[in-house]
Visitor: 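Okay, here's the structure, questions in a sec.
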Amino acid sequence: MKTVAKMTLTTILAAGLGMPALADISTRTITLSNGVAETHPVGNGVAAMSACIQEKSGGAWTVNAFWSSALGDDLTATQALRSGTQEMVITSSSPLVGIEPALGVFDLPFLFANAEEADAILDGGFGDFMNEKLEAAGLVNLAYWENGFRNLTNSVRPVQSLEDFAGLRVRVMQNNIFLDTFQALGTNATPMAFGEVFTALETRAIDAQENPYVTIDTSKFYEVQGYLSATQHAYTPFLALFSGPIFNSYSDVEQQMLRDCAAVGRDEQRSVSRALSGVSLANVQAAGMQFSEISTAEMERIREAVQGVYAKHAPTIGTDVVERMQSELNTLRGN
Ligand code: TK8
């Protein structure tokens, strides 16, 4: 009788309806940051995740999202998560290789052949394996979202052959695998945080950058870049990261709610990202960008030029990690 008396009517009703017991949910505000604009598909994912959290928490939780690097870049935000001063970030994995070198496996050029392969690896055993490493670094990856296949833009000339890359001053993420990939292609590559890219392109401090079509569109790079090439040289994921120390202070019900709602956000975000990709490509062309496809023969030469990056970086990433990835891909491909 005593236990029952302690339970509120809401708790009893919630338990009866199979909803989380609200007694296990405290009032909280989740600060979430991101580098992209709210119009990017990450905006749709965050909206879906927030609606899910709002509903499952019975209105006790609020997600407060900041866009366009307003709270700092991916890496700074991720460090704030590790020290427990910020709850959440949707970040590219690439700038985090200094924290967890194994993440570099996703940066290897031409790793995934298509989005289905990426989903199978990220949502399967390999994704869990990586998440365990992140947890040891104080980061809970709630789900893998999509950044996507990356393409080169520049302000100098149409890039249609291996030779066309020569000498371009291209911004890469803060990541040695991307740096070496673009050096191998003959460019003059410079690592830079995403928030500085637009201005660097505008002032012509750099000539080029690479990102998926949806980012080129929603970050308005078409205003400062005349040429776009379908290089598709890498697929990078987004991580929906939560602060390890803060996550560990939450109840089981709250932790599960976060995982469930981040997966709801992931499904929405991936589906909008894929639906919008072609629309974004059309948008940037309508805005004046000249688009170049690259012939199969040239793509073969480009792949050949960057092949050495695998052997060079396997020891830093972890040879076991690279081998595990390659063996899982072989299985997926029926080899
Ligand atoms: C946004 C970044 C961005 C990434 C990059 O914060 O840095 O080029 O592709 O989308 O994570």
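In listed order, ligands and their atoms are each counted from 1.
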Visitor: Looking only at protein heavy atoms, which one is nearest to atom 2 (C) of ligand 1, and how far off is it?
Guide: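 For atom 2 (C) of ligand 1, the nearest protein heavy atom is D74 OD2, 3.4 Å.
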Visitor: Can S92 and N147 be counted as having a side-chain donor-acceptor contact under 3.5 angstrom?
Guide: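 There is such a pair (donor and acceptor under 3.5 Å, judged by atom type) between the side chains of S92 and N147.
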Visitor: For ligand 1, which atoms have a heavy atom of R150 less than 4.0 angstrom away?
Guide: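 The list of qualifying atoms is 5 (C), 8 (O), 9 (O).
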Visitor: Are a donor atom and an acceptor atom from the side chains of D207 and N154 found within less than 3.5 Å of each other?
Guide: no
Visitor: Distance to 0.1 Å, residue and atom name: give those for the protein heavy atom nearest to atom 3 (C) of ligand 1.
Guide: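 Residue, atom and distance for the closest contact: F194 CD1, 3.7 Å.
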Visitor: Is it true that the side chains of Q256 and D260 contain a donor and an acceptor less than 3.5 Å apart?
Guide: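 Distance-only check passes for Q256 and D260.
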Visitor: Below 3.5 angstrom, do we get any N/O pair linking S92 and ligand 1?
Guide: yes
Visitor: Any salt bridge between R150 and E210, counting N to O under 4.0 Å?
Guide: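 Looking at R150 and E210, the cut-off is met.
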Visitor: Under 4.0 Å from any heavy atom of F238, which atoms of ligand 1 are there?
Guide: 10 (O), 11 (O)
Visitor: Please check whether P212 reaches ligand 1 - meaning an N/O of the residue sits under 3.5 Å from an N/O of the ligand, judged on distance alone.
Guide: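 So ligand 1 has no N or O lying under 3.5 Å from an N or O of P212.
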Visitor: For the atom pair NE2 (H233) and CE (M299), what is the distance rounded to the nearest 0.5 Å?
Guide: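 Answer rounded to 0.5 Å: 9.5 Å.
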Visitor: If you have a sec, work out which protein heavy atom is nearest atom 9 (O) of ligand 1 and how many Å separate them, to one decimal?
Guide: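 For this ligand atom, the closest protein heavy atom is N211 OD1, 2.6 Å.
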Visitor: Regarding Q285 and N283, do their side chains bring together a donor and an acceptor under 3.5 Å, going by distance alone?
Guide: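 No, no side-chain donor-acceptor contact under 3.5 Å.
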Visitor: Minimum heavy-atom separation for Y227 and M289, please, with both atom names.
Guide: O-CE, 3.7 Å
Visitor: Which one of H40, E210, Q209, R171 has a non-hydrogen atom at the shortest distance from atom 8 (O) of ligand 1?
Guide: R171
Visitor: At a 4.0 Å threshold, what atoms of ligand 1 neighbour a non-hydrogen atom of M173?
Guide: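 This gives 4 (C), 5 (C), 7 (O), 8 (O) as the contact atoms.
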Visitor: Can you tell me which portion of T91 lies within the under-4.0 Å heavy-atom range of ligand 1? Options are side chain, backbone, both, or neither.
Guide: neither
